[in-house]
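Throughout, a chain's letter reflects where its sequence line sits, starting with A, and its residues are numbered from 1.
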Amino acid sequence: MKIDMDKNYDPKKVESGLENKWIEGGYFKAGKDEEALKKPRFSLIVPPPNVTGKLHIGHAKDNTEQDIIARYKRLRGYDVLFLPAMDHAGIATQAKVEEKIRAEGLDKYQLGREGFLKRAWEWKDEYAASIHRQWEAMGLSLDFSRERFTLDDGMQHAVAHVFKALYDKGLIYQADRIINWDPVLRTALSNIEVVHKDIPGKFYYFKYRLEGDPETYLTVATTRPETMFGDTALVYNPKDERFKKYANRRFINPANGQPLPLIADRYVDMEFGTGVMKCTPAHDPNDFLIGQRHHLDMPVVMNPDATMNELCGKYAGMDRFACREALVAAIEAQGDLIKIENITHNVGHSERTDSIIEPYLCKQWFVRMKPLAEAVDRIQHSRARTRFFPPRFAKTFQRWLDTTEDWCISRQLWWGHRIPVYTDRQTGEVICSETPLDPARYEQDPDVLDTWFSSGLAPFAFMGWPDDLSLMKRYYPLDVMVTGYDIIFFWVARMAFDGVHFTGEMPFKDVVLHGLIRDSQGRKMSKSLGNGIDPFDVINRYGCDAMRWALSSQGAPGLDLNIGESNFKTASEFVNKVWNASRYVLSQLPEGYEPRELNLANLSFASTWLLSRLNRCILGYQRNMDKYEQGQAAKYLSDFLWDDFCGSYLEWSKVELANADEAGKALVYDTLYHALSSLLQMLFPFCPFISETIYSYLPGHLSSLFDAGFPKVIPGLSPAKIARGTKLRDMIAYVRNFKSENGLAPNESVDLVFKCTRAEFDQLAPLVSRFAFARKVDRVAADAPGMRFFLNVGLLVDAADKEALAKKIAERIEKLESEIARSERMLANENFVKRANPKVVENERKKLESNRAELARYRSLGH
RNA sequence: GGAAGUUUAGCUCAGCUGGUUAGAGCAUCUCCUUUACACGGAGAGGGCCAGGGGUUCGAAUCCCUUAACUUCCACCA
């Protein structure tokens with residue numbers, strides 16, 4: 001058949017235009033027609049990327065995995081909803097936009113809230129467009145007609161609705177609490193937005209002198225002297241005999257000369273430090289609790305930007321760390337510094353700005369998590385539970401359910417969902433409203449919500465909830481959620497409790513967690529290391545198919561994956577192999593070839609063998625895809641392609657095509673065609689571009705592989721024919737091995753002699769002789785010296801070096817003897833025969849038998 | 001301080017519910033341009049499956065333990 005496939009595979013040429021063809025063909029659209037609606041549904045969403053920048057290789061991995069599932073399910077006959085979305089990423093985006101504005105010499109306060117938001121939306125539009133281009137370049141089969149944004153109108157309503165519902169139930173409340181304050185962004189953060197790092201610090205020991213008796217003092221240590229302006233007490237453990245005598249006495253705060261009461265509280269660890277600690281209720285979560293128990297004052301001593309406030313005397317206006325230094329110097333000067341110890345301690349940093357978090361007392365909004373988590377917990381202990389892949393992540397998730405604390409949801413930012421709580425300017429009445437209230441009369445809370453408050457609603461709100469439930473009716477809950485294990489707490493957990501609370505069920509049936517992408521040395525990718533990989537760059541150099549294959553065909557579920565140049569190179573070699581094999585098959589098919597039913601009865605043993613390997617591949621592929629083990633599925637595919645199809649059958653088929661009659665040739669064409677089209681169907685989810693392109697060259701192709709479905713296993717293949725194929729493979733391997741070990745070039749001519757039946761000889765000889773470069777091939781009636789045996793076939797290669805051959809055979813005999821001894825031992829073991837799986841025992845028997853037979857033949861030849 | 005993961009060939013990793021002689025890719029070495037592919041093909045070398053116990057007829061696989069590394073969680077001043 002004449003084909004216009006290029007001799008060399010060019011990914012750019014292959015990949016261009018296909019995404020549009022699929023989109024225009026409606027292949028990505030969920031429920032596109034009556035017929036689609038009759039199919040079972042399958043749904044998943046893209047974890048919304050932040051509109052802060054370009055997608056990185058981690059996104060590519062995540063999205064590729066999702067897309068492979070989506071395409072696979074379509075081939076398996078599902079109507080798939082694969083919904084795209086992006087996240088406004090409150091803090092991250094605001095930080096970027098602020099940075100940009102600063103670069104222009106402005107600050108956000110000059111622009112004002114409205115002006116700033118305008119700039120933020122411009123930013124969003126720009127980055128959303130770029131993310132869009134990347135999605136398309138990655139070949140994602142997203143239903144773009146249903147794209148969502150976490151700050152779009154529908155989401156605005158969903159968020160207000162959810163807030164009000166939780167507020168009305170008392171599950172959202174406002175309170176003064178110690179929260180994590182990011183002094184750079186000047187906003188509160190939730191606990192999980194704080195990263196704890198071990199950093200070097202100092203432990204300062206100060207004298208707190210007894211009021212009225214300056215010679216008596218208590219030694220108190222602190223790591224944060226600047227907070228001493230907020231101290232309202234000294235605390236010791238009530239069981240600690242050392243300090244009981246000072247109960248109710250007061251000690252002088254060396255920072256400001258104020259007297260502090262000495263109080264007793266169980267919290268203090270007698271073994272730690274000096275046994276006495278200072279209590280700063282407004283700047284430390286534990287001190288806050290102590291302060292509450294003892295009704296202490298709770299003065300805040302810092303401004304929102306972490307400079308000291310007016311309570312700090314001459315230090316007012318100073319940065320917290322400058323103040324620390326100055327204050328320590330002053331205390332030392334007044335003779336109250338005892339010592340400074342260098343220590344390493346664990347300090348919270350802002351995930352976004354990396355600034356040191358200031359625990360800070362202020363009024364914020366919180367979600368009461370306990371009842372919400374308990375509801376999820378109940379479902380996770382019932383049959384309706386969500387399954388985790390790999391299962392160990394269910395434990396991680398469970399830990400969150402067990403330990404989660406109230407979630408601080410208010411952020412002192414502008415970019416985000418405004419808190420729907422209003423105060424009547426006249427009456428001071430506070431109202432939570434789903435719809436905006438008249439700004440003339442009501443003043444809205446200035447804060448916005450944590451980004452995750454909205455993304456937690458994704459599974460149902462992206463489907464139109466609460467306004468239009470039609471999409472949700474068909475596609476909710478999601479069949480699978482694929483994401484990185486690093487956002488189990490951030491996102492998966494929140495979707496879970498929102499889903500359970502608002503829809504009564506878990507929002508996804510399966511959760512598949514994958515690892516992080518690291519560089520070839522296993523290091524995390526980061527800007528500072530400069531080891532990041534741009535998916536666009538990979539696509540430009542190797543093509544999208546190669547990138548997808550590299551990202552999906554290796555690694556195990558839930559484990560981090562190291563990716564480097566060599567992985568992409570290897571992947572592109574695989575794709576190239578597909579191209580060449582296909583080109584060959586298509587060139588062999590006769591002009592006007594029409595696909596037809598396989599005639600199994602007349603099929604040659606080689607073809608039958610290939611189909612048996614194909615069956616194995618289909619089953620292995622399917623089994624692994626169904627449990628989200630794409631790497632394993634890909635392994636089946638590449639093994640089949642490389643070893644069985646290209647390595648063996650394509651070569652064998654050349655001989656068959658040269659020797660067979662017309663009917664025989666036709667059967668080979670059928671096999672080639674069938675194997676290739678099945679291969680393309682299975683490859684399609686992984687490498688959609690090349691498989692679709694090649695498919696379009698196949699005779700009798702449909703308009704897309706999407707229409708071709710999934711290959712079926714062929715039943716009823718003759719075991720005898722399959723066995724002959726295996727035998728052929730072994731024989732060829734033997735001759736090649738023989739040559740290599742005897743220093744003969746692979747294409748060196750040799751003489752071969754077979755001892756087998758006439759029929760077997762006629763079938764095997766032409767094939768073996770071609771791949772062995774045999775000068776002549778004969779059949780003998782009896783075993784001959786120097787003969788090697790394969791099951792019931794003997795093979796004699798004319799040995800240039802008789803000694804080497806004899807040695808080879810001697811080795812073989814030794815091997816056989818030890819194998820026979822081992823089998824005999826096992827079979828003599830009553831326990832083995834009695835307890836082992838009968839199939840295993842049977843196999844062992846067969847093996848023993850054939851080994852004995854082979855050994856007997858060598859013996860009969862005098863070896 | 002808790003919890004999870006990892007430890008298999010020089011490197012990066014597979015090995016699913018225990019069952020022949022533990023695999024792949026890359027790298028190394030030998031050889032081969034045979035009309036799909038040198039981005040190819042044929043072969044070779046290389047592993048006490050981290051150490052130690054245990055369960056079992058049988059363990060890389062299950063259990064216990066030790067060690068190293070990684071990650072997550074955690075309010076010890």
Of all the choices, [options], which nucleotide is nearest to the side chain of [X] once you look at every atom?
{"X": "A:L559", "options": "B:A24, B:G5, B:G43", "result": "B:G5"}
{"X": "A:H196", "options": "B:C73, B:C75, B:G19", "result": "B:C75"}
{"X": "A:E573", "options": "B:G40, B:C13, B:A36", "result": "B:G40"}

Under a 3.5 Å cutoff, is there a donor and acceptor pairing between the side chains of A:T693 and A:K13? no
Polar side chain donor-acceptor pair, A:R324 to A:Y204, under 3.5 angstrom: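 A:Y204 and A:R324 do not have a side-chain donor-acceptor pair below 3.5 Å.
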Touch check for A:E271, heavy atoms < 4.0 angstrom, all strands: base, sugar-phosphate only, or nothing?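 Nothing, no nucleic acid heavy atom in range.
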Sort out the partner of B:A59 for me: Watson-Crick or G-U wobble, both distances under 3.5 Å, none otherwise. none
Is A:N580 close enough to B:C39 that one of its side-chain N or O atoms is under 4.0 Å from OP1 or OP2 there?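 For A:N580, the contact criterion (side-chain N or O under 4.0 Å from OP1 or OP2 of B:C39) is not met.
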Roughly how far apart, to the nearest Å, are [N] and [M] at atom [atom1]?
{"N": "B:G41", "M": "B:U56", "atom1": "P", "value": "48 Å"}
{"N": "B:G1", "M": "B:G47", "atom1": "C1'", "value": "38 Å"}
{"N": "B:C48", "M": "B:A60", "atom1": "C1'", "value": "12 Å"}
{"N": "B:A22", "M": "B:A9", "atom1": "P", "value": "14 Å"}

When the distance from CG of A:D198 to C1' of B:U71 is rounded to whole Å, what number comes out? 14 Å
Please report the distance, rounded to the nearest Å, between CD in A:E405 and P in B:A74. 8 Å
A:F206 ring center near A:Y208 ring center (under 6.0 Å):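 No; A:Y208 has its ring centre 6.0 Å or more from that of A:F206.
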Ring geometry between A:Y593 and A:Y669 (parallel below 30°, tilted from 30 to 60°, perpendicular above 60°): perpendicular
